[in-house]
Amino acid sequence: MTLSLDNPVYPVRIVLRRTGLTAELLRAWERRYAVVHPGRTQGGQRLYSEADVDRLLLLKRATVYGHSIGRVAQLTNEEVAGLLETAPQFAVTKPTDVASDYSASIRQRGLEALGWMDGGTLDALLRQAAVRLGPVAFAEQLVVPLVREIGDLWHQGKLRIVQEHLATATIRHVMSNLLAFTVTAPTAPVFIAATTSGQHHEIGALLAAAIAAGEGWRAIYLGTDLPAEEIAIAADRLRARAVGISIVYPSESPAIELDLRTLSQALGTRTPVFVGGEAARLHRTLLDQLHLRPIDSFDALRVELSRVSGGWPPNAG
């Protein structure tokens, strides 16, 4: 690649800043799907053209609206743009605008409804947003910050326990329906999500299922407080390609270690188990020993799902 003022090139750090992608996700996109073909310096550093940046921005925008990277990476820029033209009215808006404007508005109105204990209005707002944003954007841009805001308000004494429970039940209901009506290919790999014994905080597992669905997997949410033996049996019978579990609180429960060991022994290396949630950080050493895979971000989950899928093209026509 020739350096020129007329044809500028950019190092990775500039590309990450301009696109908002993480280094991990960009590498996964390049390795698995060859989304762009950057040049190299003599020292082997990647250099990206303006066209590369434009394509990355376009692909990121498509994933925000629920299209899997495995599908859109096979399309030309014109074909991806055509997909976005058939999306809801937000297809002409930048993803950052969707996150900051539409999602912020829904969160504010949802919190107001929650203040009045108006579960019906909260449910309607979330269902509307789920349809317009798709599973991935709905999970990342709306549910995650909404749950965080609700938790902060509860800790500040501005929300009661019953309001927090109402919000959780409503989010669970909407996300469960969203997963149930997400269409995937018959040959899509199966991803199951659940929480283990004594774990009743289910939003993390639901979010993991939504991310998997957005990546083209057939995501199945099993519920909360499941013994590890039952999760392993489900994985075998459903022929799951991967399992995701969320462990949050109580973070130091003896049942956590027992369940992790059981999952490791039952599923071995043939079915990778991804473990997320606040308590996963406290058990990182044990996870490494058991060859279970800690997940600390949505991008990390996407990368792992891409690796496990073995090149299977989600939602490919």
Any side-chain donor paired with an acceptor under 3.5 Å for Tyr10 and Glu50?
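Per modelled atom types, Tyr10 and Glu50 side chains form a pair under 3.5 Å.
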Measure the spacing between [atom1] of [X] and [atom2] of [Y] and express it to the nearest 0.5 Å.
X: Leu125; Y: Leu114; atom1: CG; atom2: CG; result: 11.5 Å
X: Leu260; Y: Leu290; atom1: CG; atom2: CG; result: 6.5 Å
X: His283; Y: Thr285; atom1: NE2; atom2: OG1; result: 10.0 Å
X: Leu126; Y: Phe138; atom1: CG; atom2: CZ; result: 5.0 Å
X: Glu24; Y: Leu16; atom1: CD; atom2: CG; result: 11.5 Å
X: Leu26; Y: Glu30; atom1: CG; atom2: CD; result: 4.5 Å

Lys/Arg N to Asp/Glu carboxylate O, Arg281 vs Glu278, below 4.0 Å:
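A salt bridge is present here (some side-chain N lies under 4.0 Å from a carboxylate O).
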Using a strict threshold of under 4.0 Å (side-chain N to carboxylate O), is an ion pair present between Lys158 and Glu149?
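Salt bridge: no.
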Test side chain to side chain contact (heavy atoms under 4.5 Å, CB included) on Arg46 and Val12 and set out the steps.
CA-CA 7 Å; Arg46 289 173 292 171; Val12 171; 3.6 Å; yes
Minimum side-chain heavy-atom gap [X]-[Y] below 4.5 Å:
X: Val35; Y: Ile69; answer: yes
X: Leu292; Y: Phe274; answer: no
X: Ser306; Y: Trp29; answer: no
X: Asp54; Y: Leu58; answer: no
X: Pro294; Y: Val275; answer: no
X: Val190; Y: Trp217; answer: no
X: Arg109; Y: Leu122; answer: no
X: Thr195; Y: Ile247; answer: no

Cluster overlap [X] with [Y], hydrophobic side-chain contacts below 4.5 Å:
X: Ile171; Y: Tyr221; value: yes
X: Leu263; Y: Leu305; value: no
X: Ile203; Y: Leu166; value: yes
X: Ile295; Y: Val147; value: yes
X: Val53; Y: Tyr33; value: yes

Kindly write out the residues that satisfy side chain to side chain donor-acceptor pair (under 3.5 Å) with Glu230, not counting sequence neighbours, or none if the list is empty.
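Per chain and number, Glu230 pairs via side chain to side chain donor-acceptor pair (under 3.5 Å) with no residue.
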Side chain to side chain contact (heavy atoms under 4.5 Å, CB included), that's the test. Do Val72 and Glu79 meet it? Break it down for me.
CA-CA 8 Å; Val72 295; Glu79 289 170 331; over 6 Å; no
Set of side chain to side chain contact (heavy atoms under 4.5 Å, CB included) partners for [X], sequence neighbours left out:
X: Glu78; result: Thr76
X: His173; result: Asp123, Asn177
X: Ala266; result: Ala232
X: Asp236; result: Leu267, Arg270

Taking all non-hydrogen atoms of both residues, which atom of [X] and which atom of [Y] are closest, and how far apart?
X: Ala194; Y: Ala205; value: O-CB, 3.8 Å
X: Gly204; Y: Ser246; value: CA-OG, 4.1 Å
X: Ala212; Y: Phe191; value: CB-CD2, 3.6 Å
X: Ala240; Y: Thr271; value: O-CG2, 3.6 Å
X: Gln141; Y: Pro145; value: O-CG, 3.2 Å
X: Gly44; Y: Arg40; value: O-NH1, 2.8 Å

Would you list the pairs meeting salt bridge (Lys or Arg N to Asp or Glu O under 4.0 Å) in which at least one residue belongs to residues 254-263, sequence neighbours left out?
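Residue pairs passing salt bridge (Lys or Arg N to Asp or Glu O under 4.0 Å), neighbours aside: Glu257-Arg261.
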Scan for salt bridge (Lys or Arg N to Asp or Glu O under 4.0 Å) pairs involving residues 160-179, sequence neighbours excluded, and state none if there are none.
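Of all non-adjacent pairs touching residues 160-179, those that pass salt bridge (Lys or Arg N to Asp or Glu O under 4.0 Å) are Arg172-Glu202.
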Apply salt bridge (Lys or Arg N to Asp or Glu O under 4.0 Å) to the pair Arg284 and Asp288, showing each step before the final yes or no.
CA-CA 6 Å; Arg284 183 62 182 261; Asp288 292 339; 3.6 Å; yes
Solution key, residues 222-229 side-chain donor-acceptor pairs under 3.5 Å, sequence neighbours excluded:
{"unit_1": "Asp225", "atom_1": "OD1", "unit_2": "Gly198", "atom_2": "N", "d": "2.6"}

Leu159 and side-chain contact (heavy atoms from CB on, under 4.5 Å): which partner among Gln156, His155, Gln163?
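That would be Gln163; it is the only one of Gln156, His155, Gln163 passing the side-chain contact (heavy atoms from CB on, under 4.5 Å) with Leu159.
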Identify each donor-acceptor pair in which a side-chain atom of residues 296-304 lies under 3.5 Å from a protein atom, sequence neighbours left out, and give them as a table.
{"unit_1": "Ser297", "atom_1": "OG", "unit_2": "Ala300", "atom_2": "N", "d": "3.0"}
{"unit_1": "Asp299", "atom_1": "OD1", "unit_2": "Arg302", "atom_2": "NH1", "d": "3.0"}
{"unit_1": "Asp299", "atom_1": "OD2", "unit_2": "Thr22", "atom_2": "OG1", "d": "3.1"}
{"unit_1": "Arg302", "atom_1": "NH1", "unit_2": "Glu140", "atom_2": "OE2", "d": "3.3"}
{"unit_1": "Arg302", "atom_1": "NH2", "unit_2": "Glu140", "atom_2": "OE1", "d": "2.8"}
{"unit_1": "Arg302", "atom_1": "NH2", "unit_2": "Glu140", "atom_2": "OE2", "d": "3.1"}
{"unit_1": "Glu304", "atom_1": "OE1", "unit_2": "Arg293", "atom_2": "NH1", "d": "2.9"}
{"unit_1": "Glu304", "atom_1": "OE2", "unit_2": "Arg307", "atom_2": "NH1", "d": "3.2"}

Supply the members, apart from Val248, of the Ile/Leu/Val/Met/Phe/Trp/Tyr cluster built from side-chain contacts under 4.5 Å; use none for a lone residue.
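Members other than Val248 - counting any ILVMFWY side chain reachable under 4.5 Å - are Tyr249.
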Quick one: name the residues clustered hydrophobically with Leu258, using the 4.5 Å side-chain heavy-atom rule over I, L, V, M, F, W, Y, and just say none if it's on its own.
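Members alongside Leu258: none; it stands by itself.
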Taking Ile211's backbone N and O only, do any of them form a donor-acceptor pair with Glu215's side chain (distance below 3.5 Å, no angle check)?
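Answer holds: no.
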Pairwise side-chain hydrogen bond (donor to acceptor under 3.5 Å, both in side chains) hits with a residue in residues 111-120, at least two apart:
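As it turns out, the side-chain hydrogen bond (donor to acceptor under 3.5 Å, both in side chains) pairs with a partner in residues 111-120, which skip direct neighbours, are Gln108-Glu112, Asp118-Thr121.
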Could you walk me through whether Ser264 and Val273 pass side chain to side chain contact (heavy atoms under 4.5 Å, CB included), step by step?
CA-CA 8 Å; Ser264 177; Val273 178; over 6 Å; no
Show the numbers, then the answer: is there a side chain to side chain contact (heavy atoms under 4.5 Å, CB included) between Ile256 and Gln199?
CA-CA 9 Å; Ile256 290 179; Gln199 297 291 316; 3.7 Å; yes
